There are 2 protein chains.
Amino acid sequence: MFTDEAMSAVFHALAHESRRQILDILKASPGCPVGEIARQFDVSRIAVMNHLAVLEKAGLVTSEKRGRTRHLYLNAVPIRMIQERWMDDYSEQFAGRLTSLKQMAEAAVQQKDKDNG
Amino acid sequence: MFTDEAMSAVFHALAHESRRQILDILKASPGCPVGEIARQFDVSRIAVMNHLAVLEKAGLVTSEKRGRTRHLYLNAVPIRMIQERWMDDYSEQFAGRLTSLKQMAEAAVQQKDKDNG
DNA sequence: TAAACATGTAATTACATAATTACCTATTTG
DNA sequence: CAAATAGGTAATTATGTAATTACATGTTTA
């Protein structure tokens, strides 16, 4: 299962650059301890721990304590589920329908004008 | 281009169920006016307009004013870019490496225990 | 042209986020 | 065992989010 609330938690977790960086680190070094991650950021260790808590609530990170060190792991399952159940549906709009293609091209131009204006 | 800030804006926009519902509506009915969307929600019209502003800032929705009505369109480009540049990298973890597969299975069990406990 | 309609702006409020410092607990290790 | 190490809690603060009501603006249409 994958409730709306769970999906919100995942998107919210991904909506912060530091948290995305943490996932990058864990992807590259599974089992990395908390302190080693904190050392790679300019903000305080506590701030990083808060980010980790957000990631854990979203199910994107799991942890395992050995002795006094907590080892962290990326869990890509929620990302996979979002991609399968949601992203694919929206990306579809690119292929397939010609009707929406014209409309989306126009929309993209409008957005560009808005950004530059 | 697609900056960290832009990516944060997109994820943040997607992190609210009402905003995801708005995208669903616009996917089904391109050009839908503001009021018609607002009528489909329990919250106030102003609240819906705020959600639309968040979606527009993220580039997920564009609009075009004809007369007194503003017509809204889904723009799936940012979703597509996120999927290509980010989601795919993380979903990869499922295929390919057997080392991380064992680790992720264990992590998933741990997460399940945590949720039920 | 007056009323109805569609949207937009301003001010306000309750709550959540992201960060900080100071302190506490548990585990190694010299 | 004492000191260093790794992590966790608590209290606080500034800022951002999500929602509200009341009012204003511009556009059809009867």
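As the structure is a prediction and not an experimental result, all values here were calculated from the model.
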(message) Test ring pair (Phe, Tyr, Trp, His ring centres under 6.0 Å) on B:Trp86 and B:Phe11; report intermediate values, then the result.
(response) CA-CA 12 Å; B:Trp86 211 77; B:Phe11 279 128; 5.7 Å; yes
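Spacing between atom NZ of A:Lys65 and atom P of C:dT25 amounts to 14 Å, rounded to whole angstrom units. Here D:dA11 presents its P atom at 16 Å from CE of A:Met49, a figure rounded to the nearest Å. Atom pair A:Ile46:CD1 and C:dA22:P shows a separation of 12 Å (rounding to whole Å applied). The interatomic distance linking B:Arg70 (CZ) with D:dG26 (P) rounds to 16 Å, in whole Å. One atom, CG of B:Leu52, and another, C1' of C:dT9, lie 16 Å apart when rounded to the nearest Å. Note: NE2 (B:His71) to C1' (D:dT27) measures 13 Å, nearest angstrom. For the pair A:Glu56 CD and D:dG7 P, the computed distance is 13 Å after rounding to whole Å. If you take CZ of A:Arg20 and P of C:dA18, they are 12 Å apart, rounded to a whole angstrom.
At D:dT20, one or more side-chain N or O atoms of B:Ser44 fall inside 4.0 Å of OP1 or OP2 (strictly under the cut-off). Between C:dT17 and B:His12, no contact under 4.0 Å exists linking OP1 or OP2 to a side-chain N or O. Close to D:dA19, at under 4.0 Å from its OP1 or OP2, lies a side-chain N or O of B:His16.
Comparing D:dA10, D:dT17, D:dT20 by their nearest atom to the side chain of B:Ala47 picks out D:dT20. In this structure, of D:dG8, D:dT20, C:dA18, it is D:dT20 that holds the atom nearest to the side chain of B:Val43.
Donor-acceptor pairing under 3.5 Å, judged by distance alone, is present between the side chain of B:Arg45 and the base of C:dG8. Side-chain atoms of A:Arg68 and base atoms of D:dT5 include a donor and an acceptor less than 3.5 Å apart.
Counting non-hydrogen atoms under 4.0 angstrom, A:Thr69 reaches the backbone sugars and phosphates but no base. Residue A:Arg39 is out of contact with every strand shown, counting any heavy-atom pair closer than 4.0 Å.
At least one side-chain heavy atom of A:Ile37 sits less than 4.5 Å from a side-chain heavy atom of A:Leu72.
Mapping A:His51 and A:Arg66 onto DNA chain C via the closest heavy atom, the residue that lands nearer the 5' end is A:His51. Nucleotides of DNA chain C nearest to A:Arg19 and A:Gly67 differ in position, and the one nearer the 5' end is that of A:Arg19.
When only modelled atom types and interatomic distance are considered, A:Gln21 and A:Glu17 share a side-chain donor-acceptor pair under 3.5 Å.
When each of B:Arg19, B:Arg20, B:His16 is tested with A:Ser8 by the rule side-chain hydrogen bond (donor to acceptor under 3.5 Å, both in side chains), just one qualifies, namely B:Arg20.
In the hydrophobic clustering of this structure, A:Val48 groups with A:Leu74; members are Ile, Leu, Val, Met, Phe, Trp, Tyr whose side-chain heavy atoms approach within less than 4.5 Å, directly or through other members.
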